[in-house]
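Since the structure comes first, as structure tokens, the remarks are kept for the end.
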Amino acid sequence: MSSLQPVRGTHDLLPDDSRRHRHVEQTAFEVVKRYGYGEVVTPIFEFTEVFSRTLGETSDVVTKEMYTFADRSGDSITLRPEGTAGVARAFISGGLSQNLPLKLFYRGPMFRHERPQKGRLRQFHQVGVELLGVDSPQADVEVVSMAFRMLQALGLGDTVQLEINTLGDADSRTAYRDALIAYLEPFRDALSEDSRARLDKNPMRVLDSKDEGDKRIVAGAPLIQDCLTPGARAFFDEVCAGLTALAVPFVVNPKLVRGLDYYCHTAFEFITTALGAQGTVLAGGRYDGLIGQMGGPATPGIGWAAGVERLSMLVEDVPEAARPVAIIPMGDVQAAMVLADRLRAVGLAVDLGFSGNMKKRMARANKARARFAVILGDDEAARGAVTLRDLDSGSQEEVPLAALEERLLRP
RNA sequence: GCGGGUGUAGCUCAGUUGGUUAGAGCGCCAGGUUGUGGUCCUGGAUGUCGUCGGUUCGAAUCCGAUCACUCGCCCCA
């Protein structure tokens with residue numbers, strides 16, 4: 001056991017793992033491309049204010065989970081804990097308000113200084129989308145249903161469940177907040193210690209407390225649905241109707257809330273019971289106020305992000321890498337390299353070992369899952385040919401060197 | 001940040017009330033096969049028992065600390 005360990009909560013992705021990881025990323029991108037989303041690549045660090053001002057000064061992410069440091073010029077820099085703030089910043093600094101609506105996809109590492117657990121890392125990866133500049137519920141329907149189609153493409157359509165809620169508009173939220181506090185305040189002494197703190201800081205968080213006593217109290221609490229303005233209600237109804245029309249299964253969870261300050265109207269999560277305490281696999285919502293609040297032109301937005309590691313743990317079928325052709329030189333190594341070069345030029349994956357006798361090289365070919373072994377022997381070479389061995393059937397034939405590509409590319 | 005569990009070969013794991021040279025399976029290496037893998041047979045090498053310290057004649061085993069992983073809480077993808 002080496003003393004050289006990775007930093008806590010970080011992970012190496014060796015080829016078998018990275019193939020799975022890329023499959024998730026790539027499938028997500030392929031699906032969202034069908035909706036017209038293009039990839040945006042933003043820096044993995046930003047000035048600290050980009051996150052502290054947008055996520056909410058009191059949120060856990062900002063108060064205790066950010067990787068923040070001063071760079072050599074003394075600026076406060078933070079490794080991004082999520083993707084939306086950086087995309088919003090890029091939108092503003094790039095003057096992209098001329099290009100609305102804008103459909104963006106992103107992928108890459110995120111950083112949060114948390115206690116690691118299954119499905120929770122300090123450096124983890126997300127794929128996500130943002131749809132900017134559309135304030136109609138159609139946008140919500142597109143973005144949520146697109147998430148579901150992506151999960152289906154990964155074979156997870158039946159593994160996850162979509163929960164959806166509305167947080168309403170500003171007036172709805174103010175009214176609801178007041179009603180909720182009025183209801184909970186008389187129970188203050190009966191609430192758990194955590195929930196007493198929530199009551200002061202972010203009352204809606206009391207709703208999804210896991211404490212049994214809290215749950216009993218919360219069961220009688222007013223719901224956001226009771227406080228919605230007519231506009232907010234109509235908006236949510238349209239979102240639900242749209243999802244139904246697209247046959248996207250969902251349940252309304254009136255107690256679903258969001259941790260970050262910038263959300264309004266639609267909030268949703270795809271959850272699973274297969275990952276222990278980390279049930280959320282993809283989550284998102286609408287954030288109409290975010291870009292204006294950051295100093296940009298008032299621009300509505302909606303998006304989601306999914307944890308690549310969490311999805312990877314659920315995905316069962318990952319495509320295998322292409323099977324190579326193995327070249328087995330009997331004597332002339334240079335001739336083997338020339339032949340490998342020729343076959344690679346026509347797109348074949350070629351395995352050519354660096355050492356070993358025939359037996360070793362055959363074993364290596366087998367381990368590489370090679371479909372064929374091309375044996376370069378003196379006898380065949382004298383006839384301008386090679387021996388082609390089918391490693392699945394064990395049969396072999398002599399093939400003229402000139403016809404080798406044609407033979408290998410034949411389906 | 002708080003609480004519980006675990007840490008032995010590359011991997012998955014045995015290891016008795018503390019006892020002398022720490023084991024198995026898989027994988028790896030070599031041979032059986034001078035130009036034939038995958039199956040089979042034979043043989044071989046695995047190691048700071050996470051790390052540091054303590055108790056003891058003696059520690060993988062008991063104690064403490066520490067690190068990592070893991071489960072739950074908080075929170076979240």
Side-chain angles (χ1 to χ4, degrees), chain A residues 1-11 14 16 24 28 55 58-65 80-84 107-128 147 160 192-195 197-198 201-202 205 208-211 257-260 269-272 275-284 303-314 326 328-331 351 353 356-381 386-396:
Chain A
M1 204 55 70
S2 168
S3 63
L4 286 176
Q5 288 179 322
V7 174
R8 181 174 209 189
T10 66
H11 218 275
L14 298 175
D16 278 350
V24 170
L55 303 181
T58 61
S59 69
D60 276 38
V61 169
V62 169
T63 55
K64 56 184 203 191
E65 293 173 3
R80 62 181 185 193
E82 56 98 49
T84 302
R107 56 178 144 193
M110 306 291 167
F111 305 84
R112 292 182 196 172
H113 192 105
E114 298 183 275
R115 180 83 172 256
Q117 256 182 66
K118 181 181 191 177
R120 168 190 287 171
L121 300 163
R122 288 186 173 179
Q123 176 176 339
F124 60 104
H125 298 77
Q126 287 185 336
V127 291
V160 297
S192 68
E193 190 183 335
D194 284 332
S195 284
R198 292 185 184 111
K201 223 170 80 177
N202 188 348
R205 287 227 143 279
D208 65 351
S209 171
K210 290 177 189 170
D211 182 89
V257 295
R258 302 271 69 193
L260 307 179
E269 291 184 2
F270 286 85
I271 61 178
T272 174
L275 292 178
Q278 278 65 244
T280 304
V281 121
L282 181 153
W304 48 254
V308 177
E309 284 83 358
R310 289 185 185 179
L311 290 174
S312 291
M313 286 189 284
L314 297 175
I328 315 287
M330 294 310 301
D351 183 79
N357 58 21
M358 184 175 198
K359 184 182 168 72
K360 269 180 114 161
R361 287 174 183 271
M362 286 296 289
R364 178 193 161 85
N366 196 59
K367 207 159 63 178
R369 298 169 43 255
R371 179 75 181 80
F372 293 102
V374 176
I375 299 163
L376 304 184
D378 295 336
D379 297 348
E380 301 95 311
V386 297
T387 295
L388 183 66
R389 182 175 177 87
D390 182 321
L391 291 174
D392 288 346
S393 68
S395 64
Q396 57 188 49

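Numbered from 1 within each chain, the chains take letters A, B, ... in sequence-line order.
The partner of B:rC26, taking Watson-Crick or G-U wobble pairs whose two distances both stay under 3.5 Å, is B:rG10. When Watson-Crick and G-U wobble pairs are counted only if both distances are under 3.5 Å, B:rG35 pairs with no nucleotide at all. Applying the Watson-Crick and G-U wobble criteria (two distances, each under 3.5 Å), B:rU17 pairs with nothing in any strand. Under the Watson-Crick and G-U wobble criteria, each requiring two contacts below 3.5 Å, nucleotide B:rG53 is paired to B:rC63. Nucleotide B:rC2 has B:rG72 as its partner under the Watson-Crick or G-U criteria, with both atom distances under 3.5 Å.
At distances below 3.5 Å, not a single donor-acceptor pair connects side-chain atoms of A:Arg112 with backbone N or O atoms of A:Gln123. The closest donor-acceptor contact from the side chain of A:Arg310 to the backbone of A:Val281 lies at 3.5 Å or more, if one exists at all. Of the possible polar contacts, none joining the A:Arg8 side chain to the A:Arg115 backbone as a donor-acceptor pair under 3.5 Å is found.
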Each nucleotide N or O in nucleotides 66-70 of chain B that has a protein N or O under 3.5 Å away: list the pair and distance.
{"from": "B:rC67", "atom 1": "O2'", "to": "A:Gln5", "atom 2": "OE1", "distance (Å)": "3.3"}
{"from": "B:rC69", "atom 1": "OP1", "to": "A:Gly9", "atom 2": "N", "distance (Å)": "3.1"}
{"from": "B:rC69", "atom 1": "OP2", "to": "A:Arg8", "atom 2": "NE", "distance (Å)": "3.2"}

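Between A:Glu309 and A:Val24, every side-chain heavy-atom pair lies at or beyond the 4.5 Å cut-off. Taking the side chain as every heavy atom from C-beta outward, A:Arg122 and A:Val7 never approach each other to under 4.5 Å.
Applying the salt bridge (charged side-chain N to carboxylate O under 4.0 Å, His left out) rule to A:Asp390 yields the partners A:Arg371; only residues at least two apart in sequence or on another chain are considered. Remark: A:His11 engages no residue in a ring pair (Phe, Tyr, Trp, His ring centres under 6.0 Å) (not counting sequence neighbours). Residues forming a side-chain contact (heavy atoms from CB on, under 4.5 Å) with A:Ser209 (at least two apart in sequence, or on another chain): A:Ser195, A:Arg198, A:Asp211, A:Asp214.
If you take CZ of A:Arg80 and P of B:rA77, they are 14 Å apart, rounded to a whole angstrom. What separates CD of A:Glu65 from C1' of B:rC2 is a distance of 15 Å, to the nearest Å. One atom, CD of A:Glu193, and another, P of B:rC2, lie 15 Å apart when rounded to the nearest Å. B:rC76 atom P lies 11 Å from atom NZ of A:Lys210, rounded to whole Å. Taking atom CG on A:Asp211 and atom C1' on B:rC73, their separation rounds to 11 Å, with Å as the unit. In this structure, the CD atom of A:Glu82 is 14 Å from the C1' atom of B:rC75, given to the nearest Å. A straight line from CG of A:Asp194 to P of B:rG3 spans 15 Å, rounded to a whole angstrom. Going from atom CD of A:Glu114 over to atom C1' of B:rC76 covers 6 Å, rounded to whole Å.
For B:rA77 and B:rG37, the C1' atoms lie 44 Å apart once the distance is rounded to whole Å. Across the P atoms, B:rA9 and B:rA60 are found 14 Å apart, a figure rounded to whole Å. Separating the C1' atom of B:rU20 from that of B:rG25 is a span of 27 Å, rounded to the nearest Å. B:rC11 and B:rU55 are spaced 33 Å apart, taking the P atom of each and rounding to whole Å. If you take atom P in B:rC26 and the same atom in B:rU21, they sit 28 Å apart, rounded to whole Å. If you take atom C1' in B:rU8 and the same atom in B:rU46, they sit 13 Å apart, rounded to whole Å. Distance check on atom P: B:rG23 versus B:rG4 gives 36 Å, rounded to whole Å. Taking the P atom of each, B:rC2 and B:rG10 are spaced 33 Å apart, rounded to whole Å.
Separating the CG atom in A:Leu282 from the CD atom in A:Gln126 is a distance of 9.5 Å, to the nearest 0.5 Å.
Annotation: salt bridge (Lys or Arg N to Asp or Glu O under 4.0 Å) contacts involving residues 356-365 of chain A, sequence neighbours excluded, comprise A:Asp351-A:Arg364.
Using a 3.5 Å distance cut-off with no hydrogens or angles, the side chains of A:Glu269 and A:Thr280 do pair a donor with an acceptor.
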In B/S/- notation (B base, S sugar-phosphate only, - none; protein heavy atoms under 4.0 Å), nucleotides 27-41 of chain B written 5' to 3' is -S-S----BBBB---
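Within the 4.0 angstrom heavy-atom criterion, no nucleotide atom of any strand lies near A:Arg369.
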